Amino acid sequence: MGEIPRETTQDGPKVRLYLVDGSGFIFRAFHALPPLTRKTDGLPVGAVSGFCNMIWKLLVEMKTQADAPTHLAVVFDHSEQTFRNKLYDQYKAHRPPPPEDLVPQFPLVREATKAFGVPCLELPGYEADDLIAAYACKVRDMGGEVTIVSSDKDLMQLVGPRVFMLDTMKNARIGIEQVIEKFGVTPDKVVDVQALCGDSVDNVPGAPGIGIKTASALINEYGDLDTLLARATEIKQPKRRDTLIEYADQIRLSRELVRLDCDTPLPSPLDELAVDDPDPAVLSEFLERMEFRTLARRVGDGKAGSAGQAAADTPRPETRAPEKPNHGKIDVTAYACVRDLPALDAWIAKAYARGIVAFDTETDALSSATAGLCGVSLAVAPGEACYIPLGHCEAEGLQLEAAADLTQIPLEQAIARLKPLLEDPSVLKVAQNAKYDIAVLSRYGIEVGPIDDTMLISYVLEAGLHNHGMDELSKLGLDHEPIAFKSVAGTGKAQKSFKYVGLSEATCYAAEDADVTLRLWEHLKPRLAHEGLATVYETLERPMPKVLADMECAGAKVDAERLRQLSNEFGQRMAELEAEAHRLAGRPFNLGSPKQIGEVLFKEMGLASGRVTATGAFSTDASMLEDLAAQGHELPRILLDWRQLSKLKGTYTDALVAAISEQTGRVHTSFSLASTTTGRLSSSDPNLMNIPIRTEEGRKIRRAFVAEPGKVLISADYSQIELRLLAHIGDIPQLKRAFREGLDIHAMTASEMFGVPVEGMPSETRRRAKAINFGIIYGISAFGLANQLGIPQDEAGAYIKTYFERFPGIRAYMDRTKQAARSQGFVHTIFGRKVNIPAVKSKSQAERAFGDRAAINAPIQGSAADVMRRAMIRMPGALKAEGLTARMLLQVHDELVFEAPEAEAEAVIRIAKAVMEKAAEPAVAISVPLVVEARAAPNWDDAH
DNA sequence: TCGACGCGC
DNA sequence: TGGGATGCGCGTCGAT
């Protein structure tokens, strides 16, 4: 089978290498094509599209040639700074920064290259041209053939026997003859000519007043540049002679700048550049995500690059089948523990070669904002994973009989090796809950990217169906139960920090996490495009971990002294109330026990018991106690007051003081991206999304959230965002008009319902309309509304009836949404986020009713959450673009809290409002304005 | 570990 | 028929 090699060298079949000048491709594609943006989110993708078309065309043409290439790579410039800047600081100095629209496309182009199954080559400190030179020389010297796909004249110096250039735009092959045509000299003298003429684009100085014609004439006359400069005094023309003598050093420097070095190190061995067909699943996922429909179709027709006949009888061994993972059994004992630099370098090299690596960080604490690094695990292929322990040590006081060998790579050295890999734009990093790893590593100076998050991919695919923790995803998707953290670190009080876990045990656990993450990625990622959710993931999820990691690391400042003082005040008043309660009850009892309260009130004191709870106990909740207090009983009021203080003290004052980090003096919450069904965030450890605001006592706690001296807190919140979205989604003319005209929406609702003018409306009337407006969003019933407003149930029922008559669109929205949910099992937000609501298919009537209400609420709540995410994603860039140092600290569903120097307050308010109000654009044109109110103050209460 | 309760949007 | 009857979270406490 296979082709018979026609020519061979001593080393085997003859190598035919194609080297594509990727950077050149990108710029040509960008400038040659009209701007193109991805429809769903406006991401500029014109250059990516052009690039993909060029690559595809090249792949197809290559296959049809008689001498098809055996090896292929796309070569990129790695960074602006190269060794040439050290030679000459003005090198390429006048080059303008790449167009704004092009910048986000650089990483995408690398991704595109990999999607086409083509290796990417780049090396820090070198230009693409240097790498091209190195590979070209190597292959030429071993007797192979090289084709450089570029039209860059700087590469013409490499042309020679068995080295050609190919200008795909002009479809012209450039050999020695064409070079002579262009430069007037043979390729080996091109450098000398360029050194004399210089290059205004790259800012290579050369010699003033000398162009190609003169330069080539001189070189041809004297043979080469060194001879020319040595014999410059012999030149007849006085001006030319003086120039060459005066600028000799500058000319030699110019030659260094233009000369390409064959000894540039090779980032990948030649073997890894062997031509390989793209993985159709990966390629089509990418093209779908980019929304390159035409090319996706062509690629589909062309059988994924196998344009040649060979493809027919050599079926691909395995294409990714999302439905059936079909992974091999996971063997946790097969993982490597990396404890020296050569081993680490080998793993890093493998990650580069694969272009994708799953990783996980192990730390010694829970909070990512303060935890220390214990180790990093990497997985480069399913089953091929390692753990790099970095901070493991013997637990104090627990020395074993024989001290274990804890030799590890010093942290700083490992960080220095891992940083380039984790930051390399051409290597995709995969993590489970990337926010955590981003936060930890950023404190060690590593800005990880680009990164995919398996937790978020799962969340986009299956929110509402299950949780998205790794253990759960592994069981569901891979049918594998990973080692539980508890089983290696212990549980409860005996739980030890991961740094005290032995290396072999730690390796099994940690490397497995990376392995499982990579397998999950392979299993889940293709589904995004397949199920039309790639844009949701890219625009609403993928950028969030970085944004939230920064917010969590920033943390919020609280006035600890003030909180302790409040805690004492609350404690004292609670003691007084407790004594009074015991006196009234005639015996001591635990005021914190609903059970005991029930006994005291209903059994001993004989008060009329109202409702019972689900478990049959007496209900003693606030509304119950309020009723009893209203009947004139004394004890329920005492209990209500005690409960309020107990809540404030236990949940807020004490807990917040305890949550202050010793290291930063601030409170670092953890935001969860994947714990709600609707797309909202949640906050925990501590929860900073439920800081009191309703009561005066509660606001004292909010007032303890303060800014650093010289700074202010700024709170910016969406006004009525859910009602506005209801007006838009339900297409309710009166509501839309009211919002457009900036009217008081609740007063307008009341006026419409009760037929009374807004002018001089009683506040109670407005209050009722407000309760109805909110109730509607949540799918309220007459019973609930009656409870809420303290009115008879039939009256509440009449309100709801009137409401639906006045706003028939809302009824229609509800019916249509329930219908959709029941038939499909899910609903969508206006940005396309899918919210699964399995309860609508339940056998239980009650559960189905729950499902209906959730279905009605989800598009509204979820769309609001999406709008907020879009605002948060754009915010850091918008602040930075204005030169502001303000930081986002907190999000509370419809509110963002910033901390900024006082002098920036006005500008931050302006930017925050602008970004938030326009956050839906350009993806969705909302038919009512989004309005944001923002204020600055020294504390959160006054800013809100 | 669960339920009741209560804080937020 | 009639019971149950506002969406989404998290943390604390007592009871088990």
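So you know, we letter chains A, B, ... as the sequences are listed, proteins then strands, and number each from 1. Keep in mind that this is a model prediction, so the values were computed, not measured.
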message: Given 3.5 Å as the limit, does a donor-acceptor pair link the side chain of A/Tyr652 with the main chain of A/Arg702, or not?
response: no

Measure the distance from [atom1] on [X] to [atom2] on [N] and round it to the nearest whole Å.
{"X": "A/Tyr803", "N": "C/dT6", "atom1": "OH", "atom2": "C1'", "answer": "14 Å"}
{"X": "A/Asp621", "N": "C/dT12", "atom1": "CG", "atom2": "P", "answer": "21 Å"}
{"X": "A/Glu697", "N": "B/dG8", "atom1": "CD", "atom2": "P", "answer": "13 Å"}
{"X": "A/Leu785", "N": "C/dG7", "atom1": "CG", "atom2": "P", "answer": "14 Å"}
{"X": "A/Leu645", "N": "C/dC13", "atom1": "CG", "atom2": "P", "answer": "14 Å"}
{"X": "A/Gln644", "N": "C/dC13", "atom1": "CD", "atom2": "P", "answer": "16 Å"}
{"X": "A/Ile691", "N": "B/dG6", "atom1": "CD1", "atom2": "P", "answer": "18 Å"}
{"X": "A/Ile597", "N": "B/dG6", "atom1": "CD1", "atom2": "C1'", "answer": "13 Å"}

task: Run the numbers on A/Glu552 and A/Lys435 for salt bridge (charged side-chain N to carboxylate O under 4.0 Å, His left out), then give the verdict.
output: CA-CA 10 Å; A/Glu552 292 178 7; A/Lys435 186 200 67 177; 2.6 Å; yes

Where the side chain of [X] is defined as all heavy atoms beyond and including C-beta, which of [options] is the nearest nucleotide?
{"X": "A/Gln788", "options": "C/dG7, C/dT6, B/dC9", "answer": "C/dT6"}
{"X": "A/Asn857", "options": "C/dC8, C/dG9, B/dC9", "answer": "C/dC8"}
{"X": "A/Ser675", "options": "B/dA4, B/dC9, C/dG9", "answer": "C/dG9"}
{"X": "A/Ile780", "options": "B/dC7, C/dT6, B/dG8", "answer": "C/dT6"}
{"X": "A/Lys647", "options": "C/dG7, C/dG11, C/dA15", "answer": "C/dG11"}
{"X": "A/Thr615", "options": "C/dC8, B/dG3, C/dG14", "answer": "B/dG3"}
{"X": "A/Ser593", "options": "C/dA15, B/dG3, B/dC7", "answer": "C/dA15"}

Counting the atoms with a prime plus P, OP1 and OP2 as sugar-phosphate, which does [X] contact under 4.0 Å by heavy atoms, base, sugar-phosphate, or nothing?
{"X": "A/Ala617", "result": "nothing"}
{"X": "A/Ile856", "result": "nothing"}
{"X": "A/Ser683", "result": "sugar-phosphate"}
{"X": "A/Gln891", "result": "nothing"}
{"X": "A/Arg680", "result": "base"}

Under 4.0 Å from OP1 or OP2 of [N]: is there any side-chain N or O of [X] that close?
{"X": "A/Ser623", "N": "B/dC5", "result": "no"}
{"X": "A/Ser672", "N": "C/dG9", "result": "no"}
{"X": "A/Thr651", "N": "B/dC7", "result": "no"}
{"X": "A/Asn687", "N": "C/dG11", "result": "no"}

- request: For A/Thr669 and A/Ser683, test the side chains for any donor-to-acceptor distance below 3.5 angstrom and give the result as yes or no.
  value: yes

- prompt: Do A/His944 and A/Glu895 have side-chain N/O donor and acceptor atoms under 3.5 Å apart?
  reply: yes

- line: Separation between CG (A/Leu889) and CD (A/Gln891), nearest 0.5 Å, reads 12.5 Å

[atom1] atom, [N] versus [M]: distance in rounded Å?
{"N": "B/dA4", "M": "C/dA5", "atom1": "P", "result": "12 Å"}
{"N": "B/dG8", "M": "C/dT6", "atom1": "C1'", "result": "16 Å"}
{"N": "B/dC5", "M": "C/dG4", "atom1": "P", "result": "16 Å"}
{"N": "B/dG6", "M": "C/dG3", "atom1": "C1'", "result": "26 Å"}

Side-chain donor/acceptor of [X] to base of [N], under 3.5 Å:
{"X": "A/Asn690", "N": "B/dC7", "value": "yes"}
{"X": "A/Lys595", "N": "C/dG14", "value": "no"}
{"X": "A/Arg694", "N": "B/dC7", "value": "no"}

message: Before we go on, tell me: are the rings of A/Phe774 and A/His746 under 6.0 Å apart, centre to centre?
response: yes

message: Measuring centre to centre across the rings, with the benzene-like ring taken for any Trp, is A/Tyr799 within less than 6.0 Å of A/Tyr803?
response: no

message: Short of 4.0 Å, heavy atom to strand atom, which residues of residues 829-849 of chain A count as contacting DNA chain B?
response: none

Minimum-distance pair of heavy atoms, taken over all atoms of A/Ala855 and A/Tyr813: O-OH, 4.4 Å

statement: Partner of A/Tyr459 under side chain to side chain contact (heavy atoms under 4.5 Å, CB included), picked from A/Leu540, A/Thr676, A/Asp453, is A/Thr676

